[in-house]
Amino acid sequence: MKNILEAPFMVEMVRTLTEMYRHGWDERNGGNVSLMLSAEQVEGYLEPDRVLRTLPTGFSAPSLAGKYFLVTGTGKYFKNVQYDPAANLGIVRITEDGEHADLLWGYTDGGQFTSEFPAHMMSHVARLKADPENRVIMHCHPANILAMTYVHTLDEREFTRTLWQMCTECIVVFPDGVNVLPWMLCGTNEIGLATAEKMNTARVVVWAQHGIYGAGRDLDESFGLIETVEKGAEIYMKIAHLPRVNTISDEALHQLEGRFNVKGREGYLN
Ligand code: 2HA
Ligand code: ZN
């Protein structure tokens, strides 16, 4: 067996979680990330038939049966992942009935996956329908995007348009815009279903007064997506209380669509 701590997906996961912590997005045990892995990726790093424990997921996702996920553990601090990946992370495979997860590696102190596992798995199902190459669901608590949900309307078109106006790169990085959920109780199937529903039409879902969900084909893409949304929100929070003298016009946003070959969400630009 090769050393799983040296597997490219593990190295990238640990680096990404560490960076998220350093960005201040994951205080205490805040945030959670799941990365879908192929059987080929884990081959040689773990024994697929050696199931350590079988954990109930509390929901049904038969379309994910047999899929492998590297997932952050419940109650774990991103700050600590780099020092003990095996205690803070786990690799699970969804069982044939789609209602359990076989633990193949990790959660060495008896732990289990994040409390937001339902939201993650349901979001994977939704994003895989929209983009078969999607592999990552990332959740965290960036300060400015949270702050924005206290002072800006949660109307998705207005919220997205404001962010697009904050930095030139925003419409290029998230042309599908930002979907928004009102405050809901986290860790439930209800918020999981609502998040997945929102993931049908955008790769970013903001949870008002809580945080953000981002999806992507790899860890860099989802990280960069959240980083860009958070930058837009940071600019907004710096200027929201000041008179706006200039902005990025819809005409300019249309020019960006042409230059970068992207199409802003239907009906969002005038
Ligand atoms: O505890 O971020 O939403 C991790 C969370 C819950
Ligand atoms: Zn959270």
Side-chain angles (χ1 to χ4, degrees), residues 13-14 16-35 55-59 61 69-85 87-92 101 103 106-127 136-150 154 159 178-199 202-216 219 222-223 225-230 233-234:
M13 183 74 151
V14 173
T16 302
L17 295 169
T18 304
E19 203 55 51
M20 290 175 77
Y21 173 70
R22 287 156 58 95
H23 272 65
W25 299 349
D26 299 279
E27 73 291 340
R28 202 173 183 275
N29 63 322
N32 26 75
V33 177
S34 59
L35 166 67
L55 306 162
T57 58
F59 61 91
F69 293 93
L70 174 58
V71 193
T72 51
T74 185
K76 300 303 188 204
Y77 292 29
F78 282 20
K79 175 173 77 68
N80 298 335
V81 174
Q82 60 178 321
Y83 307 109
D84 193 354
N88 293 289
L89 305 174
I91 295 179
V92 297
L103 178 65
Y107 307 142
T108 51
D109 58 3
Q112 64 163 320
F113 35 68
T114 166
S115 59
E116 302 297 355
F117 201 61
H120 277 250
M121 293 304 115
M122 293 176 203
S123 294
H124 275 287
V125 173
R127 283 319 300 170
V136 178
I137 299 294
M138 183 177 280
H139 167 64
C140 54
H141 307 155
N144 292 288
I145 198 76
L146 256 99
M148 190 169 162
T149 67
Y150 286 85
L154 301 182
F159 203 92
V178 170
N179 286 342
V180 185
L181 282 180
W183 187 92
M184 291 175 74
L185 187 60
C186 51
T188 63
N189 280 358
E190 232 165 34
I191 201 169
L193 282 166
T195 306
E197 168 74 26
K198 294 288 185 192
M199 281 278 178
R203 291 173 303 142
V204 181
V205 179
V206 170
W207 284 6
Q209 295 90 47
H210 181 139
I212 188 168
Y213 265 74
L219 290 162
S222 44
F223 184 96
L225 181 61
I226 290 174
E227 199 175 22
T228 309
V229 172
E230 170 64 0
E234 181 179 357

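When a ligand or atom number is given, it counts from 1 through the structure's own listing order.
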Sub-4.0 Å heavy-atom environment of ligand 1, residues by chain | N29, G30, G31, N32, E116, H139, H141, H210
Give me the protein N, O or S atoms that fall under 2.8 Å of the Zn ion (ligand 2), sorted by chain and residue number.
-> H139 NE2, H141 NE2, H210 NE2
Distance-only criterion, 3.5 Å: show the donor-acceptor pairs between side-chain atoms of residues 107-116 and protein atoms not counting sequence neighbours.
| from | atom 1 | to | atom 2 | distance (Å) |
| --- | --- | --- | --- | --- |
| Y107 | OH | V71 | O | 3.0 |
| T108 | OG1 | A86 | O | 3.4 |
| D109 | OD1 | K76 | NZ | 3.4 |
| D109 | OD1 | G111 | N | 3.3 |
| D109 | OD2 | K76 | NZ | 2.6 |
| T114 | OG1 | N32 | ND2 | 3.2 |
| T114 | OG1 | E116 | N | 2.9 |
| E116 | OE1 | G187 | N | 3.0 |
| E116 | OE2 | G187 | N | 3.1 |

Heavy-atom pair with the smallest gap, counting every atom of A119 and Y213 | CB-OH, 3.4 Å
Option from [options] for which side-chain contact (heavy atoms from CB on, under 4.5 Å) with [X] holds:
| X | options | result |
| --- | --- | --- |
| L35 | L89, I91, L219, I137 | L219 |
| M138 | V33, I212, T72, L225 | V33 |
| H141 | R28, E27, M20 | E27 |

Which residues pass the salt bridge (Lys or Arg N to Asp or Glu O under 4.0 Å) test with R22, sequence neighbours left out?
->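 Here the qualifying residues are E19.
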Between the side chains of T149 and W183, is a donor N or O closer than 3.5 angstrom to an acceptor N or O?
->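 Short answer, no.
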Taken to the nearest 0.5 Å, the spacing of S222 OG from R127 CZ works out to 11.5 Å
Ring-ring centroid check H120 F69, cutoff 6.0 Å | no
